[in-house]
Amino acid sequence: MHRYFPHTKADIDAMLQRCGVSAIDDLYSDVPQELRLKRDYALSRQLSEKEVRDYFHRLGDKNRRLVCFAGAGFYNHYSPSVVSSVISRSEFLTAYTPYQPEISQGTLQYIFEYQSMMATLTGMEVSNASLYDGTTATAEAMLMAVAASRKRTRVLVSSTLSPHVRRVVATYASYHGVTVDEVAQTDGVTDIDDLRAKLEQGDVAGVIVASPNYYGILEDYSGWAELCHSHKALLIIHCVASDLGLIRTPGEWGADIAVGDGQSLGMPLSYGGPYLGFICTTKALMRKLPGRIVGATEDADGRRVFVLTLQAREQHIRRDKATSNICSNQGLMALYATVYMSVMGAAGLREVCERGCNGAHYLADALTATGKMRLKYPHRPYLNEFLMECDVDVDDLIARCVAQGILPGVKTAPGRLLIAVTEMCSREEMDTLVSIVKSM
């Protein structure tokens, strides 16, 4: 039935017997019947190369391309054409884990450059390379805090952190004997009094907050690192990578660990990935980092070379004593971020942030002027994302906007819409969104 699979019936029967089942369908017994495909795959018997390309182009044309005002952790940024050109080279597309430095100098060098740039961007001392996405990176940071504290098994998470991230952290915690407590929020920001009270209860290994937070608000973390450290807890800040080109970095806040998703560094949204999780920390916590660290040294002839400086903590060597299950890094995505940052530079990253900020404030003011929307937290500072309370039906608004080629934002609750603006959003597109709201 599957013409491209080489297994004979005897091969399949032997594998099923080894698995302890009688039929392939038994392997999918936990998948509801209504979700299973009841027909053969719609694949032609054979196609020429041109026909294959045409086929996938037709499939792609079925996707609607919308002007994107949706964010909530993932943002539509422009990527210079040189980025995709570089990462499409065969030596990068096929490169894998650089176990043999003698033949992996190219891969090791770009990982080294990635780590150097991410450490600079976050204001931290050390970066790993790398993790699968920002949510799992945050969960790994939680485990780092627990491992560093040795005996503490409680982590505090701000309720202004993205709910998606919080759910992943809770899942990791449930399998590692870690207790996760949420810190309450007041008027869109983390409640410092509730944090202080929970720290006083003791047994806290780390505190996880966000900058900007889920509502797009830039919270003030002055003195928070000192507060956490006075209770022997680590401060972990989840951040949006591109925003660090303008706002205060985790290092400047005194954080012990900076985590987040690198998708905002020009990576296409691509209907969900692949993305890139980053995690940066201080030298004191370097040996608790999951993943690997590439360093620069000299060979016997005095030439600069690159090597895997720290890897003994990984699963392929330490196995059950490993800090994390992370072994293979998101190498191609790390290269993507590296090329993007090298092309944009500090000035380019700052301009991206400024354009998004200017556009967001223009759009927020225009939407408020319609009399049908207002900022949920009008007195809180924000960069390029903001939460609106709507007097119009949000589902109806989204449907009307999509019909005109616009994705207006992310519905976070009845009557609330989270809107993000990047350099990809034009003034005309913002005015179109405003006109749709006015017409309701």
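Using modelled atom types, one side-chain atom of Ser264 and one backbone atom of Ser242 make a donor-acceptor pair closer than 3.5 Å. A donor-acceptor pair is defined here as one N or O able to donate and one able to accept, closer than 3.5 Å; such a pair exists between the side chain of Glu51 and the backbone of Ser48. Judged by distance alone, the side chain of Thr136 and the main-chain N or O of Asp133 form a donor-acceptor pair under 3.5 Å. Tyr336 places a side-chain N or O within donor-acceptor distance of the main-chain N or O of Gly266, the cut-off being under 3.5 Å. The backbone N or O of Asp256 sits less than 3.5 Å from a side-chain atom of Thr281, completing a donor-acceptor pair. Checked by atom type and distance alone, the side chain of Thr122 pairs as donor or acceptor with a backbone atom of Met118 at under 3.5 Å. Remark: the backbone N or O of Tyr78 is paired with a side-chain donor or acceptor of Glu423 at under 3.5 angstrom. In this structure a side-chain-to-backbone donor-acceptor pair under 3.5 Å is missing from Ser158 to Val209. The backbone N or O of Val165 sits nowhere less than 3.5 Å from a side-chain atom of Thr138 that would complete a donor-acceptor pair. For Ser435 (side chain) and Thr432 (main-chain N/O), a donor-acceptor pair under 3.5 Å exists by modelled atom type.
For Gln17, the CD atom sits in a loose shell: 12 or fewer heavy atoms of surrounding residues, nucleotides or ligands are nearer than 6.0 Å. Counted within 6.0 Å of CZ on Arg18, heavy atoms from surrounding residues, nucleotides or ligands total 12 or fewer; the atom is thus considered open. No more than 12 heavy atoms of other residues, nucleotides or ligands lie within 6.0 Å of CZ in Arg65, so this atom counts as exposed by the packing criterion. Surrounding CZ of Arg248 are more than 12 heavy atoms belonging to other residues, nucleotides or ligands, all under 6.0 Å away. Atom NZ of Lys62 has 12 or fewer neighbouring heavy atoms from other residues, nucleotides or ligands inside a 6.0 Å radius.
Note: Leu235 CG to Leu156 CG = 11.0 Å, rounded to the nearest 0.5 Å. Atom OG1 of residue Thr135 and atom CG of residue Asp261 lie 7.5 Å apart, to the nearest 0.5 angstrom. Once rounded to the nearest 0.5 Å, the distance linking OH of Tyr55 with CG of Leu47 reads 8.5 Å. In this structure, CD on Gln115 lies 9.5 Å from CZ on Arg292, to the nearest 0.5 angstrom. To the nearest 0.5 Å, atoms CD1 (Ile208) and OG1 (Thr190) are separated by 11.5 Å. Atoms CG and CG, on Leu265 and Leu121 in that order, are 6.5 Å from each other to the nearest 0.5 Å.
Counted by atom type alone, Ser116 and Glu113 present zero donor-acceptor pairs between their side chains at under 3.5 Å. Between the side chains of Ser426 and Glu429, at least one donor N or O lies within less than 3.5 Å of an accepting N or O. Defined by atom type and a distance below 3.5 Å, a donor-acceptor pair is present between the side-chain atoms of Asp26 and Ser22.
In plain terms, the two heavy atoms of Ile419 and Pro408 that are nearest each other are CG1-O, 3.5 Å. The nearest pair of heavy atoms linking Leu244 to Pro250 is CD2-CD, 3.8 Å. Heavy atoms only, all atoms of each residue included: Leu417 and Gly409 are closest at CD1-C, 3.8 Å. Between Ile236 and Ala141, the shortest heavy-atom contact is CD1-O, 3.6 Å. Considering every non-hydrogen atom in both Val259 and Ile257, the closest pair reads CG1-CG2, 3.8 Å. Of all heavy-atom pairs between Met124 and Ala255, the closest is CE-O, 3.3 Å.
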Which is it for Asp396 and Arg400 under the salt bridge (Lys or Arg N to Asp or Glu O under 4.0 Å) test, yes or no, and what are the steps along the way?
-> CA-CA 6 Å; Asp396 185 26; Arg400 293 189 186 203; 3.4 Å; yes

Before giving the answer on salt bridge (Lys or Arg N to Asp or Glu O under 4.0 Å), spell out for Glu182 and Arg166 the whole-Å C-alpha distance, their side-chain angles and the decisive distance to 0.1 Å.
-> CA-CA 9 Å; Glu182 279 198 10; Arg166 281 186 276 136; 2.8 Å; yes

Apply side-chain contact (heavy atoms from CB on, under 4.5 Å) to the pair Thr160 and Ile217, showing each step before the final yes or no.
-> CA-CA 9 Å; Thr160 66; Ile217 296 171; over 6 Å; no

Verdict with supporting geometry, Val67 and Leu407, side-chain contact (heavy atoms from CB on, under 4.5 Å) = CA-CA 6 Å; Val67 176; Leu407 183 60; over 6 Å; no

Using the salt bridge (Lys or Arg N to Asp or Glu O under 4.0 Å) rule, take Glu389 and Lys376 through it: C-alpha gap first, then chi angles, then the decisive distance, then the call.
-> CA-CA 5 Å; Glu389 281 194 307; Lys376 171 62 179 173; 3.5 Å; yes

Report the C-alpha separation of Phe386 and Tyr377 in whole Å, then their side-chain angles, then the decisive distance to 0.1 Å, and conclude whether the ring-ring contact (aromatic ring centres under 6.0 Å, His included) test is met.
-> CA-CA 8 Å; Phe386 52 93; Tyr377 304 111; over 10 Å; no

Would Ser130 and Met333 count as a side-chain contact (heavy atoms from CB on, under 4.5 Å) if you check the C-alpha gap in whole Å, the side-chain angles of each, and the deciding distance to 0.1 Å?
-> CA-CA 9 Å; Ser130 47; Met333 294 297 98; over 6 Å; no

Please assess Asp391 against Arg374 for the test salt bridge (Lys or Arg N to Asp or Glu O under 4.0 Å), listing each intermediate value before the final yes or no.
-> CA-CA 9 Å; Asp391 295 329; Arg374 57 196 171 279; 3.0 Å; yes

May I have the step-by-step check of side-chain contact (heavy atoms from CB on, under 4.5 Å) for Val157 and Asp181, ending in yes or no?
-> CA-CA 6 Å; Val157 178; Asp181 288 340; over 6 Å; no

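With contacts defined as side-chain heavy-atom distances shorter than 4.5 Å, the pair Ile111/Thr338 does not qualify. Residues Asp243 and Pro212 are in side-chain contact: their nearest non-hydrogen atoms beyond the backbone lie under 4.5 Å apart. Looking at heavy atoms from C-beta onward, Pro274 lies out of side-chain contact with Met267 at the 4.5 angstrom threshold. For the pair Glu385/Val240, no side-chain contact is recorded, criterion being any heavy-atom separation below 4.5 Å from C-beta on. Taking 4.5 Å as the limit, every side-chain heavy atom of Gln263 sits out of range of all side-chain heavy atoms of Leu276. The shortest side-chain heavy-atom distance between Leu349 and Leu246 does not fall under the 4.5 Å cut-off.
The pair Asp54-Lys50 meets the salt-bridge criterion, with a side-chain N (NZ, NE, NH1 or NH2) lying under 4.0 Å from an Asp/Glu carboxylate O.
In this structure, His361 has its ring center under 6.0 Å from that of Tyr382. Centroid-to-centroid, the aromatic rings of Phe278 and Tyr114 stay 6.0 Å apart or farther. Ring centroid separation for the pair Tyr275 and Tyr132 does not come in under the 6.0 Å cut-off.
Ring geometry for Tyr75 against His77 counts as tilted: the plane angle lies between 30° and 60°, on a 0 to 90° scale.
A side-chain contact (heavy atoms from CB on, under 4.5 Å) with Met388 is found for exactly one of Leu418, Thr368, Val394, Leu363, namely Thr368.
For residues 206-218, the side-chain hydrogen bond (donor to acceptor under 3.5 Å, both in side chains) pairs, not counting sequence neighbours, are Gln185-Tyr215, Asn213-Glu219.
In this structure, Arg427 forms a cation-pi arrangement with Tyr362, its terminal cationic atom sitting closer than 6.0 Å to the ring centre and no more than 45° off the ring axis.
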